[in-house]
Visitor: 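Mind looking over this structure? Questions follow.
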Amino acid sequence: MITSFPLPAGWPATEARARAVQEELRSRVVLGEQGPAPGTGTVTGVDVAYDDARDLVAAAAVVLDAASLEVREEATAVGRAGFPYVPGLLAFREVPAVLAALRGLATDPGLLVCDGYGLAHPRRFGLACHLGVLTGLPAIGVAKNPFTFTYPEPSGARGSAAPLTDGAEEVGRALRTRAGVKPVFVSVGHRTTLESACAHVLALTPRYRLPESTRRADALCRRALEEASGSA
DNA sequence: GCGACAG
DNA sequence: ATCTTGTCGC
């Protein structure tokens, strides 16, 4: 079923307003909190898939048991994308759909694992920060690319990490989740620390480069998009 | 001005 | 993100 996503208060219509919203909301990011202990409670992966031709966006939220990585609950939401993809403004394209999917969960999401950045962002307010602030949940960002940031290559061993930097500032970490495979780029979203975020990511990657939470959410939102496209 | 640029 | 064949490896 295709729905119309409710937009959060003050939702911007232009890029300039969107950047202003980021500048304003970033003061609400809570840093320094330890956050949930890796391997305990629940962890929720969120991801979004698109069908640009039909202007469809599908979001998925998959709750995993943090210890066993078994799926506890899943939810999806499909609707129209209300914002184009603009580097640095990804959240405005994905947040309404993700919030709709999260509202469909009965289980406590625990930690939110987002596909993209948190503090590793031009204005230090990436998708993971945005979702964290709007939901109040602890959140982290796990991206597949370093974006505009730089990092020294971490050693080839799983678990090795190197700082992801913007000038002299460490905005995240390049973390090797599989030996000899390109690292993932982890950053803090809300209510947790970079060390804890990296520990969570390692706990979520026993076998593949990307967190199980992300892989499950990715597969689910693609499926939801297929079903919606087929019946539209 | 031009290129780069999370998903 | 998405478009796409074959291919190497566990």
Side-chain angles (χ1 to χ4, degrees), chain A residues 5 15 18-19 21-22 25-26 29 45-62 76-101 112-133 139-151 158 164-167 169 171-175 177-190 194 197 201 205-211 213-226 228-230:
Chain A
F5 305 130
E15 293 183 22
R19 282 187 289 271
V21 167
Q22 291 180 328
L25 290 183
R26 70 176 181 179
V29 171
V46 294
D47 195 17
V48 176
Y50 300 94
D51 181 338
D52 288 324
R54 304 190 186 202
D55 187 35
L56 286 181
V57 51
V62 180
T76 61
V78 183
R80 309 284 171 189
F83 210 89
Y85 169 63
V86 179
L89 300 179
L90 174 67
F92 296 96
R93 187 161 167 74
E94 306 209 336
V95 162
V98 172
L99 291 179
L112 239 38
V113 179
C114 309
D115 197 346
Y117 291 122
L119 294 178
H121 177 274
R123 287 167 294 281
R124 305 292 178 267
F125 196 73
L127 176 64
C129 298
H130 212 135
L131 283 173
V133 164
I140 66 174
V142 183
K144 306 176 214 52
N145 299 291
F147 202 12
T148 61
F149 306 110
T150 55
Y151 66 100
R158 165 176 153 84
L164 180 68
T165 58
D166 185 0
E169 185 179 356
V171 295
R173 208 159 278 173
L175 178 65
T177 55
R178 282 198 70 180
V181 173
K182 176 178 177 174
V184 295
F185 304 89
V186 181
S187 58
V188 166
H190 187 55
L194 186 52
V201 172
T205 52
R207 182 177 166 100
Y208 300 104
R209 177 191 177 221
L210 297 179
S213 43
T214 300
R215 301 181 71 252
R216 297 279 193 169
D218 179 76
L220 182 57
C221 66
R222 289 189 199 214
R223 233 179 299 148
L225 185 62
E226 284 284 304
S229 293

Visitor: Using atom CG of A:Leu119 as one end and atom C1' of B:dA6 as the other, report the distance to the nearest whole Å.
Guide: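 Those two atoms, CG and C1', are 14 Å apart.
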Visitor: A:Asp218 pairs by side-chain hydrogen bond (donor to acceptor under 3.5 Å, both in side chains) with which of A:Arg222, A:Arg216, A:Arg215?
Guide: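 Per the side-chain hydrogen bond (donor to acceptor under 3.5 Å, both in side chains) rule, the option paired with A:Asp218 is A:Arg222, out of A:Arg222, A:Arg216, A:Arg215.
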Visitor: Quick one: CG on A:Asp115 to CG on A:Leu127, what's the gap to the nearest 0.5 Å?
Guide: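 If we round to the nearest 0.5 Å, A:Asp115:CG and A:Leu127:CG are 8.0 Å apart.
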Visitor: Between C:dA1 atom P and A:Tyr50 atom OH, what is the distance in whole Å?
Guide: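 My rounded result for the distance is 10 Å.
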Visitor: Which label fits A:Phe185 and A:Tyr151: parallel for a plane angle under 30°, tilted from 30 to 60°, or perpendicular past 60°?
Guide: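 Geometry flag for A:Tyr151 against A:Phe185: perpendicular rings.
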Visitor: Mark this stacking check for A:Phe185 against B:dA6 as yes or no, applying ring centres under 5.5 Å and ring planes under 30°.
Guide: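 Base of B:dA6: not stacked against A:Phe185.
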Visitor: Send over the distance from A:His121 NE2 to B:dG7 P, rounded to a whole Å.
Guide: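 Going from NE2 in A:His121 over to P in B:dG7 covers 13 Å.
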Visitor: Using a 4.0 Å heavy-atom cut-off, does A:Gly141 contact any base of the nucleic acid, only the sugar-phosphate backbone, or nothing at all?
Guide: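 Nothing, no nucleic acid heavy atom in range.
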Visitor: Let me know the distance between CG of A:Leu89 and P of C:dA1, rounded to the nearest Å.
Guide: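 The distance from CG of A:Leu89 to P of C:dA1 comes to 18 Å, rounded to the nearest Å.
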Visitor: Describe, in one word, how the ring planes of A:Phe92 and A:His130 are oriented to each other, choosing from parallel (under 30°), tilted (30 to 60°) and perpendicular (over 60°).
Guide: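 Because their plane-to-plane angle is over 60°, the rings of A:Phe92 and A:His130 count as perpendicular.
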Visitor: Any side-chain N or O of A:Lys144 below 4.0 angstrom from OP1/OP2 of B:dA6?
Guide: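 Looking at the OP1 and OP2 atoms of B:dA6, neither is under 4.0 Å from any side-chain N or O of A:Lys144.
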Visitor: Does B:dA6 have OP1 or OP2 under 4.0 Å away from a side-chain N or O of A:Tyr85?
Guide: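 Affirmative; the distance criterion is met.
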Visitor: Whole angstrom is fine here: how far is it from CD in A:Glu94 over to C1' in B:dG7?
Guide: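 After rounding, the gap between these two atoms is 5 Å.
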Visitor: Output the rounded distance in Å from CZ (A:Arg207) to P (C:dG9).
Guide: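 Spelled out: CZ on A:Arg207 to P on C:dG9 is 17 Å.
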Visitor: Looking at A:Arg222, I'd like to know whether one of its side-chain N or O atoms comes within less than 4.0 Å of OP1 or OP2 on C:dA1.
Guide: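 Checking A:Arg222 against C:dA1: at least one side-chain N or O falls below 4.0 Å of OP1 or OP2.
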Visitor: Tell me which nucleotide among B:dC5, C:dT2, B:dG7 gets nearest to the side chain of A:Leu225.
Guide: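 Of all the options, the side chain of A:Leu225 is nearest to C:dT2.
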Visitor: Whole angstroms only, please: what is the CD1-P distance between A:Ile140 and B:dA6?
Guide: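 To the nearest whole Å, that distance equals 19 Å.
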Visitor: Could you tell me the separation between the CZ atom of A:Arg209 and the C1' atom of C:dC10, rounded to a whole number of Å?
Guide: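 That distance rounds to 19 Å.
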